[in-house]
Amino acid sequence: MAVRYALFLGCIIPNRYPSIELATRNVAQALGMELVDMKGASCCPAPGVFKSFDKFTWLTIAARNLCIAEGLGCDIVTLCNGCYSSLKEANIILKEDATLQDKVNGILRDFNKKFYGKVEVRHFIEVVQREVGIDNLRRFVKRPLRLNVAVHYGCHLLKPKRHREVKSVERPTFLDELVEALGAKSISYRDKMMCCGAGGGVRASNPDVALDMTKEKLKNIKDAGADCVISPCAFCHLQFDRGQVEAGLQLNVPILHYVQSLGLALGLEPEKLGLYSHAISVEPILKKLAY
Amino acid sequence: MVSERSEGGEAVIKATEMDPKFKYEISKIPGAEKIMLCFQCGTCTADCPIARFSDAYRPRRILRMVQLGLKSRVLSSDVLWLCAACFTCVDRCPQDVEIAGVLRTLRNLAVKEGFMPAVYRELATSVLETGLAYKIPASRLRKRVEAGLPPLPKADVKSINKLAEVTGFSKIIQARRT
């Protein structure tokens, strides 16, 4: 596929998981996808914090990021449900509300920027669906991922549903299908659609409550006999991975970002996917896959 | 389990505490338009994953407090900051009230009154200082280059700061009561 996307890194990936970025760059190369850096981009900004403080400032900072992609002439790809939700919602609001768009552009003028509404905001998952397609994806697989996987969608991949194209927010299947296309088995577990606990700024403001939720999910995942969790979101990834250390859990459930699991299935070496820098070691999975 | 009554101040509500205009003010703000349609069925609280793990957070109760006009009680309450924005309540509300949107609206108003968790303020300040929500240690930036990644694209901090000044955001995060 000869496609070009503006890579929106956000904050969590550069700060905690450059491993996810490394995996993304190598996977993109393997799939023939060109990623363009977004120079001057800032925090999306974090929906929980910024939208909670002042919706208009949130919208304007997001618009500024969208303008950078418009300048590059390509759609945005994100690896975090938070960035996805924030940028996508801002893009929709600005395209639909001409008065707000004018107001935001009035401010952006001072920074030599103007929002035109020329680009789309895509999640990496959507890009795989659209540009590769599920049947085609199976053909790319060189090393089938023979693992029992607990798939975690993360709330903002699916919601708010009026801004999403998914058919079901209660029982979605597209991510399970994308995981199974890699040769894995998506197993069912209790409260699968429950939030990881981190969203809305709760990880920052009420870490104990956030970790209690994380613990509950991970226990259910462990009880179901999963080898690992696969999530498409850097923030859920952080909450599950570091959360196990922060809460002092002895569950040792490895977490993979979807892009890392895709990389493994494509036959890329674990080093190229940043698999050795997780808080919870992924060695048990690699062993099972005979690395 | 703590009863709903014991949270959020005195159980007895005085008529002088109630601001009858509050619900109308709120219902003009995008996301909170349907606040008056809430008939207190409690589906939001029953389905809320946060409510399962925190005795303090009861979305139905917050909505009722808004309808009653208990403005200062609501806006000064720490429980506003417990919503994970998972949208489960929004999906399941039989009256189509966008509860997570109401919570977001209340947070915006609380911040205008000077109520904000200190940790949120830190994150916001970090965005103004570095462009990102976290101050990334130099050692981590070196490690990424060692791992074979290109240098991190620099955020345009100057623009973000100026922008936050124009929208009044810089002032908002300086005015602080909590």
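Numbers restart at 1 for each chain; the letters A, B, ... are given by sequence-line order, proteins then strands. Only this structure's heavy atoms are used, side chains among them; waters, hydrogens and symmetry mates stay out. These figures come from a predicted structure and were not determined experimentally.
- The residue among A:Leu22, A:Ile12, A:Asn15 with the most heavy atom pairs within less than 4.5 Å of chain B is A:Asn15.
- Here the SG-CZ distance, from A:Cys195 to B:Phe53, works out to 10.0 Å after rounding to the nearest 0.5 Å.
- Applying a 4.5 Å heavy-atom cutoff, the residues of residues 22-33 of chain B that approach chain A are B:Pro30.
- In this structure, CZ on B:Arg52 lies 8.0 Å from CE on A:Met213, to the nearest 0.5 angstrom.
- In this structure, chain A has no heavy atom under 4.5 Å from any part of B:Ser126.
- Taking chain A as the reference chain and counting heavy-atom pairs below 4.5 Å, the highest number among B:Gly168, B:Ser159, B:Pro137, B:Ala133 is found for B:Ser159.
- Proximity of a side-chain donor or acceptor of B:Asn108 to a complementary backbone N or O of A:Lys55 within less than 3.5 Å is detected.
- Taking non-hydrogen atoms and a 4.5 Å limit, the residue list of residues 142-158 of chain B in contact with chain A, ordered by number, reads B:Arg144, B:Ala147, B:Leu149, B:Pro150, B:Leu152, B:Pro153, B:Lys154, B:Ala155, B:Asp156.
- A:Arg16 places a side-chain heavy atom less than 4.5 Å from the side chain of B:Arg140.
- In this structure, CG on B:Leu163 lies 8.5 Å from OG on A:Ser42, to the nearest 0.5 angstrom.
- A:Pro45 does not touch chain B: none of its heavy atoms, backbone or side chain, sits under 4.5 Å away.
- Salt-bridge check for A:Asp110 with B:Lys162: failed, with every basic side-chain N at 4.0 Å or more from each acidic carboxylate O.
- The part of A:Leu108 that comes within reach of chain B is its side chain, from C-beta onward, which places non-hydrogen atoms under 4.5 angstrom from that chain.
- The OG atom of A:Ser52 sits 9.0 Å away from atom CG of B:Leu103, with the distance rounded to the nearest 0.5 Å.
- The residue among A:Lys272, A:Arg203, A:Glu216, A:Met193 with the most heavy atom pairs within less than 4.5 Å of chain B is A:Glu216.
- In this structure, CG on B:Asp47 lies 13.0 Å from CE on A:Met194, to the nearest 0.5 angstrom.
- Both the backbone and the side chain of B:Cys86 come within contact range of chain A, with heavy atoms under 4.5 Å apart.
- Note on ring orientation: taking the six-membered ring where Trp is involved, the planes of B:Phe169 and A:Phe53 are tilted (angle from 30° to 60°).
- Interface remark: B:Glu122 contributes no atoms to any contact with chain A (heavy atom separation under 4.5 Å).
- Looking at A:Val169, the atoms closer than 4.5 Å to chain B (heavy atoms on both sides) all sit in the side chain, from C-beta outward.
- In this structure, the side chain of A:Ser205 engages the main chain of B:Trp81 through a donor-acceptor pair within 3.5 Å.
- Under the 4.5 Å side-chain criterion, counting only non-hydrogen atoms from C-beta, A:Asp54 is not in contact with B:Val111.
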